[in-house]
**Student:** 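Here you go, one structure.
Predicted, not measured: the structure shown is a model, and the values here were computed from it.
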Amino acid sequence: MADPITNAKLEQKRLEAEIEALRANLNKVEAFIEMYGVFAAGDSRRQPGASLSAPKTIGQPAPSSKKQTIPDRVAAILSDGLPRKPHVLLAMLEHEDGKPIGMGDEGRRITNLSSQLSRDKQRFKSNRAIGWSLVEQPRPQMKNPTSVSADVGLDDGFDLA
């Protein structure tokens with residue numbers, strides 16, 4: 001007869017492996033839903049059948065490296081205010097380019113993307129539960145939003161009778 005603690009630990013490891021497999025599947029489903037929503041709404045920058053080459057811009061200097069442009073492209077994607085998980089951002093960037101961003105397997109490319117975004121703390125913030133989002137810029141505050149101008153009074157042409 002096996003020790004109950006050993007059996008419980010084996011069951012725990014089996015369940016943890018099953019949960020990890022389900023999480024991986026959930027990430028794929030979330031990426032599909034996100035991408036389907038983007039492309040079904042026509043928000044894609046590259047429509048089916050369009051050229052895979054990047055559009056030529058006139059009057060703008062060429063970026064010096066990809067590392068400088070990826071955070072800018074992610075900022076444009078996140079400008080709608082919706083946070084996105086790194087695997088969704090990577091899929092969107094790779095769809096725009098029509099080729100993989102960086103080298104290695106998907107996990108490594110996701111890590112590299114997150115690494116680039118984490119260096120730019122002025123623009124990006126990360127939340128493991130909801131993904132990457134833009135840092136909210138402080139809004140200008142009114143000095144006293146409840147104060148009323150002295151010009152407002154009963155004799156402003158209103159008849160209260």
**Student:** Test of understanding: with side chain to side chain contact (heavy atoms under 4.5 Å, CB included), list the residues that count as partners of I130, not counting sequence neighbours.
**Tutor:**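 P83, N127.
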**Student:** If every non-hydrogen atom of D120 is compared with every non-hydrogen atom of P71, which pair is closest and at what distance?
**Tutor:** OD2-CB, 4.4 Å
**Student:** Once salt bridge (Lys or Arg N to Asp or Glu O under 4.0 Å) is applied, what residue pairs with a partner in residues 103-112 remain, sequence neighbours excluded?
**Tutor:**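 For residues 103-112, and leaving out neighbouring residues, the salt bridge (Lys or Arg N to Asp or Glu O under 4.0 Å) pairs sorted by first residue read E94-R109.
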**Student:** State the CG-CG distance between L89 and L117, to the nearest 0.5 angstrom.
**Tutor:**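 Nearest 0.5 Å value for the CG-CG distance: 7.0 Å.
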**Student:** How far does CD of Q12 sit from CD1 of I19, to the nearest 0.5 angstrom?
**Tutor:**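 The CD1 atom of I19 is 9.5 Å from CD of Q12, to the nearest 0.5 Å.
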**Student:** Compare every heavy atom of R128 with every heavy atom of K85, then report the nearest pair and how far apart it is.
**Tutor:** NZ-O, 4.2 Å
**Student:** With sequence neighbours left out, what residues match N27 under side chain to side chain contact (heavy atoms under 4.5 Å, CB included)?
**Tutor:**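 Listed in chain order: E30, H87.
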**Student:** Tell me whether the count of non-hydrogen atoms from other residues, nucleotides or ligands lying under 6.0 Å of CD1 in I5 goes above 12.
**Tutor:** no
**Student:** Drop me the distance from L134's CG to L78's CG, to the nearest 0.5 angstrom.
**Tutor:** 5.0 Å
**Student:** Can we say D72 and R123 salt-bridge, meaning some charged N sits less than 4.0 Å from an Asp/Glu carboxylate O?
**Tutor:**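 A salt bridge is present here (some side-chain N lies under 4.0 Å from a carboxylate O).
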**Student:** Rounded at 0.5 Å granularity, tell me how far CG in N112 sits from CE in M103.
**Tutor:**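 CE of M103 is found 11.0 Å from CG of N112.
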**Student:** Output the distance between atom CH2 (W132) and atom CD1 (I77), rounded to the nearest 0.5 Å.
**Tutor:**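 Answer rounded to 0.5 Å: 14.0 Å.
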**Student:** With a 4.5 Å cut-off on side-chain heavy atoms, are L113 and V74 touching?
**Tutor:**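 Contact flag for V74/L113 side chains = yes.
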**Student:** Tell me, please, which residues at least two apart from E11 pass side chain to side chain contact (heavy atoms under 4.5 Å, CB included).
**Tutor:**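 So E11 forms a side chain to side chain contact (heavy atoms under 4.5 Å, CB included) with R14, L15.
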**Student:** For T6, what residues pass the side chain to side chain contact (heavy atoms under 4.5 Å, CB included) criterion, not counting sequence neighbours?
**Tutor:**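 Side chain to side chain contact (heavy atoms under 4.5 Å, CB included) list for T6, sorted by chain: D3, L10.
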**Student:** CG/N25 to CZ/R23 distance, rounded to the nearest 0.5 angstrom?
**Tutor:** 13.0 Å
**Student:** Tell me every residue that passes side-chain hydrogen bond (donor to acceptor under 3.5 Å, both in side chains) with S115, counting only those two or more places apart in sequence or in another chain.
**Tutor:** R119
**Student:** List for me each residue that meets side-chain hydrogen bond (donor to acceptor under 3.5 Å, both in side chains) alongside D80, sequence neighbours excluded, and say none if there are none.
**Tutor:** R84
